[in-house]
Amino acid sequence: MSGTLYLVATPIGNLKDITLRALEILKEVSYIVCEDTQQTKILLDHYQIKKPLISYNEYNKFTKTPKLIQLLKEEKDLAFVSDAGTPVISDPGYYLVREAIKEGIKVSPIPGPVAMIAGLIVSGLPSDRFVFEGFLPKREGRKRKKLLNLINEERTIIFYESPYRIMKTLNTLLEILGDREIALCRELTKKFEEVLRGKISEIIEILKKRLEKEKRIKGEIVLIVKGKEE
Ligand code: SAM
């Protein structure tokens with residue numbers, strides 16, 4: 001017998017967006033493994049949960065994973081969380097999950113918020129079939145190549161994008177995919193939540209005006225793009 005590795009979804013903004021089961025598991029496990037201890041402490045303090053934290057990220061995953069597997073083999077239950085939303089989705093955890101499965105350890109999901117689904121459901125774009133592309137490559141050449149591969153995609157396409165790159169990305173999208181309908185979902189579940197819906201060119205105009213006033217686009221962004229018309 002070994003312990004269980006729980007993959008626990010946490011809020012993407014509003015701290016109330018956490019399930020009763022997630023709170024129960026966070027209170028019960030021996031350790032909480034997290035991306036950034038400071039970020040996770042904010043959530044745990046809010047719910048008055050005190051637990052030893054173990055930091056885990058892309059940089060220390062190869063050294064930390066064997067130690068976590070050892071704890072699980074010693075029948076300790078672990079909760080794995082990322083900074084926001086569902087771990088393993090554009091977030092650390094994949095390597096640990098693979099190693100745990102190899103060792104025959106039980107991996108159990110505690111589902112909850114995930115930014116792409118929150119964005120998709122408010123986008124007003126077809127949600128029956130969609131693809132999640134995560135973050136586009138930062139380098140322009142690779143970004144273009146990726147988008148060229150998506151030209152014929154008929155399903156709704158979901159991207160994560162940084163506010164620093166959004167303008168450039170929208171211009172590249174317009175050039176490669178044409179003036180498609182999109183929804184730019186910003187700061188979902190937070191105080192300044194906003195969903196801009198329209199053609200890519202219209203959203204670019206809105207953001208241009210905003211940039212003139214505010215100098216930069218702020219907040220976290222999910223970008224939903226309509227697939228190619230059949
Ligand atoms: N694991 C997370 C999830 O379940 O969605 C995603 C983590 S990824 C490192 C962070 C990206 O998710 C952000 O750059 C942004 O694109 C998106 N995101 C996270 N929270 C968001 C929010 N409240 N509103 C809009 N986008 C968000």
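The shown structure was predicted, so the numbers you read here are calculated from the model rather than taken from an experiment.
Counting only heavy atoms from C-beta outward, the side chains of L120 and L125 never approach each other to under 4.5 Å. Using a 4.5 Å heavy-atom cutoff, the side chains of R197 and I182 are not in contact. Counting heavy atoms from C-beta outward, L7 and I110 have side chains that stay 4.5 Å or more apart. A 4.5 Å side-chain heavy-atom check between L23 and I49 finds at least one atom pair inside the cut-off. V131 places a side-chain heavy atom less than 4.5 Å from the side chain of E153. Side-chain contact between I105 and T4: absent, with no pair of heavy atoms (C-beta onward) separated by less than 4.5 Å. The shortest distance between side-chain heavy atoms of E133 and I158 does not fall below 4.5 Å. With a 4.5 Å cut-off on side-chain heavy atoms, Y164 and R216 count as touching.
With rounding to the nearest 0.5 Å, the separation of NZ in K228 from NZ in K226 is 13.5 Å. Here the CG atom belonging to L188 is positioned 9.0 Å from the CD1 atom belonging to I121, to the nearest 0.5 angstrom. Taken from CG in L207 to CD in E214, the straight-line distance is 10.0 Å, to the nearest 0.5 Å. For the atom pair C34 SG and Y56 OH, the distance stands at 12.5 Å (nearest 0.5 Å). To the nearest 0.5 angstrom, S82 atom OG is 3.5 Å from D91 atom CG. To the nearest 0.5 angstrom, L26 atom CG is 5.5 Å from I18 atom CD1.
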Pair L71-I54, side-chain contact (heavy atoms from CB on, under 4.5 Å): steps then yes or no: CA-CA 12 Å; L71 285 172; I54 302 175; 3.8 Å; yes
For a salt bridge (charged side-chain N to carboxylate O under 4.0 Å, His left out) check, start with the C-alpha distance between K190 and E193, then their side-chain angles and the critical distance, and finish with the verdict. CA-CA 5 Å; K190 301 186 197 177; E193 175 178 290; over 6 Å; no
Step by step, would you call I176 with R144 a side-chain contact (heavy atoms from CB on, under 4.5 Å)? CA-CA 8 Å; I176 295 179; R144 281 171 176 275; 3.7 Å; yes
Yes or no on side-chain contact (heavy atoms from CB on, under 4.5 Å) for L223 and L170, after CA distance, side-chain angles and deciding distance? CA-CA 9 Å; L223 187 63; L170 288 178; 4.0 Å; yes
Apply the test side-chain contact (heavy atoms from CB on, under 4.5 Å) to residues R180 and E229: give CA-CA distance (whole Å), side-chain angles for both, the deciding distance (0.1 Å), then the verdict. CA-CA 9 Å; R180 302 236 184 134; E229 300 280 350; over 6 Å; no
Begin with the C-alpha distance, continue with both residues' side-chain angles, and end with the deciding distance and a verdict on salt bridge (charged side-chain N to carboxylate O under 4.0 Å, His left out) for E212 and K209. CA-CA 5 Å; E212 278 162 19; K209 285 195 188 120; over 6 Å; no
Full working for ring-ring contact (aromatic ring centres under 6.0 Å, His included) between Y6 and F80: CA-CA 6 Å; Y6 292 100; F80 186 90; over 10 Å; no
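Across every non-hydrogen atom of G178 and I200, the tightest pair is O-CD1, 3.4 Å. Closest of all the heavy-atom pairs between K61 and T65 is O-OG1, 2.6 Å. Across all non-hydrogen atoms, the minimal contact from P87 to V8 is CD-O, 3.3 Å. The shortest non-hydrogen separation linking D17 to P11 is O-CG, 3.4 Å. I166 and P163 get closest at one heavy-atom pair: CG2-O, 3.4 Å. Across every non-hydrogen atom of I204 and M167, the tightest pair is O-CE, 3.8 Å.
Summarising the local packing, CZ of R142 is surrounded by 12 or fewer heavy atoms from other residues, nucleotides or ligands at distances under 6.0 Å. Residue K51 places its NZ atom among more than 12 non-hydrogen atoms of other residues, nucleotides or ligands, all under 6.0 Å distant. The environment of I151 atom CD1 is dense: over 12 non-hydrogen atoms of other residues, nucleotides or ligands sit within 6.0 angstrom. More than 12 heavy atoms of other shown residues, nucleotides or ligands fall within 6.0 angstrom of atom OH in Y47.
Not less than 6.0 angstrom separates the ring centroid of F159 from the ring centroid of F132.
Judged by distance alone, the side chain of E35 and the main-chain N or O of D83 form a donor-acceptor pair under 3.5 Å. In this structure a side-chain-to-backbone donor-acceptor pair under 3.5 Å is missing from D179 to K199. The closest donor-acceptor contact from the side chain of S123 to the backbone of I224 lies at 3.5 Å or more, if one exists at all. For T86 (side chain) and P113 (main-chain N/O), a donor-acceptor pair under 3.5 Å exists by modelled atom type. Listed for the E202 side chain is no donor-acceptor partner under 3.5 Å among the backbone atoms of G198. In this structure, the side chain of N57 engages the main chain of N60 through a donor-acceptor pair within 3.5 Å.
F130 is connected to V195 through a chain of hydrophobic side-chain contacts under 4.5 Å among Ile, Leu, Val, Met, Phe, Trp and Tyr, so both are in one cluster. When the side chains of ILVMFWY residues are joined at heavy-atom separations under 4.5 Å, either directly or via intervening members, I206 and V122 end up in two distinct hydrophobic clusters. Side-chain heavy atoms closer than 4.5 Å link hydrophobic residues (I, L, V, M, F, W, Y) into clusters, and following such links, possibly through other members, connects L184 to L174. Hydrophobic clustering (ILVMFWY, side-chain heavy atoms < 4.5 Å, transitive): M116 and I221 are in distinct clusters. One hydrophobic cluster holds both I32 and L15 under the rule that ILVMFWY side chains link at heavy-atom gaps under 4.5 Å.
Looking at residues two or more places apart in sequence or on another chain, you find a side-chain hydrogen bond (donor to acceptor under 3.5 Å, both in side chains) between R186 and E194.
A donor-acceptor pair shorter than 3.5 Å can be found between the side chains of T169 and K143.
Applying the salt bridge (charged side-chain N to carboxylate O under 4.0 Å, His left out) test to every pair with at least one member in residues 63-76, sequence neighbours left out, gives these pairs: K73-E103.
Using a 4.0 Å cut-off between charged side-chain N and carboxylate O, E154 and R129 make no salt bridge.
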